[in-house]
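Every value quoted in this text rests on a predicted model; they were computed, and no experiment measured them.
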Amino acid sequence: MKLDTLDQRHELIDDMIEKGFEFEEGLIHDQENDDDWGGAMSTVENLIVIEEMIRTEEIFLGAFAEMEGFRTRNGDEKDVYLTIVDENLIYFIDTILLRRIEFALDHLNDWNFKSEGGKKFKKNYCKKLDALRKKYQDIYDL
């Protein structure tokens with residue numbers, strides 16, 4: 001699973017949301033696996049929030065790219081503004097996005113999935129969220 005680009009990270013989360021909905025819907029009438037349904041529903045809700053945060057990362061990166069392209073007479077001033085955007089992006093990733101990924105991962109790890117499908121769902125999603133967390137730490141040197 002490649003997570004080097006913003007599009008790859010976004011695609012991963014979108015795929016997880018879609019498959020999470022499918023898993024959740026498959027359990028909606030299964031009275032024996034209420035815990036699995038609740039865990040899947042909670043996981044999808046966390047993933048939706050993470051997806052929105054990845055869109056915010058995209059906005060930061062777009063703003064940085066646009067600012068980089070502006071012509072200016074004062075390169076030092078431009079560097080100051082680029083640094084502000086860059087530092088705030090890193091702050092956002094560190095204090096908001098990564099914390100939400102860690103929250104989703106901890107919440108999923110703590111959930112008591114009972115069915116074999118639920119246990120497989122949990123293992124697969126924990127693996128993907130952990131890889132995403134590590135990739136963000138690597139990309140942004142956190």
Taking every non-hydrogen atom, the tightest pair across [X] and [Y]:
X: Asp79; Y: Thr83; value: O-OG1, 2.7 Å
X: Ala104; Y: Ile50; value: CB-CD1, 4.0 Å
X: Asp36; Y: Phe113; value: OD1-CA, 3.1 Å

Is any side-chain N of the basic residue among [X] and [Y] closer than 4.0 Å to the acidic one's carboxylate O?
X: Asp4; Y: Arg9; answer: no
X: Lys78; Y: Glu68; answer: no
X: Arg133; Y: Asp130; answer: yes

Partners of [X] by side chain to side chain contact (heavy atoms under 4.5 Å, CB included), sequence neighbours excluded?
X: Asp138; result: Lys135
X: Asn109; result: Leu105, Lys122, Cys126
X: Lys19; result: Asp15, Glu22, Tyr125

How far does [atom1] of [X] sit from [atom2] of [Y], to the nearest 0.5 angstrom?
X: Lys120; Y: Lys123; atom1: NZ; atom2: NZ; value: 10.0 Å
X: Glu45; Y: His107; atom1: CD; atom2: NE2; value: 8.5 Å
X: Ile54; Y: Leu12; atom1: CD1; atom2: CG; value: 7.5 Å
X: Leu6; Y: Phe60; atom1: CG; atom2: CZ; value: 13.0 Å
X: Thr56; Y: Ile93; atom1: OG1; atom2: CD1; value: 9.0 Å

Flag yes if [X] and [Y] sit in one hydrophobic cluster, no otherwise; membership is Ile, Leu, Val, Met, Phe, Trp, Tyr, and two members link when side-chain heavy atoms are under 4.5 Å apart.
X: Tyr91; Y: Val85; answer: no
X: Ile59; Y: Tyr136; answer: no
X: Ile84; Y: Ile96; answer: yes

Sub-3.5 Å donor-acceptor pair from the side chain of [X] to the main-chain atoms of [Y], do we have one?
X: Thr72; Y: Gly75; value: no
X: Asp94; Y: Ile90; value: no
X: Gln8; Y: Thr5; value: yes
X: Ser42; Y: Gly38; value: no

4.5 Å side-chain heavy-atom contact, [X] and [Y]:
X: Leu3; Y: Ile139; answer: no
X: Trp111; Y: Asp35; answer: yes
X: Leu108; Y: Asn46; answer: no
X: Lys128; Y: Leu132; answer: no
X: Leu129; Y: Leu47; answer: yes
X: Phe92; Y: Leu97; answer: yes
X: Glu24; Y: Thr43; answer: no

### Query
How are the rings of Phe121 and Phe23 set to each other: parallel, tilted or perpendicular (split at 30° and 60°)?
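Aromatic pair Phe121/Phe23 classed parallel.
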Enclosure of [X] [atom1] (heavy-atom neighbours >12, cutoff 6.0 Å):
X: Glu102; atom1: CD; result: yes
X: Phe21; atom1: CZ; result: no
X: Phe64; atom1: CZ; result: yes

### Candidates Glu51, Glu58, Glu52 - the one meeting salt bridge (charged side-chain N to carboxylate O under 4.0 Å, His left out) with Arg55
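The single option meeting the salt bridge (charged side-chain N to carboxylate O under 4.0 Å, His left out) with Arg55 is Glu51.
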### Task
List the steps and the verdict of side-chain contact (heavy atoms from CB on, under 4.5 Å) for Tyr140 and Glu57.
CA-CA 12 Å; Tyr140 292 100; Glu57 175 191 14; 2.7 Å; yes
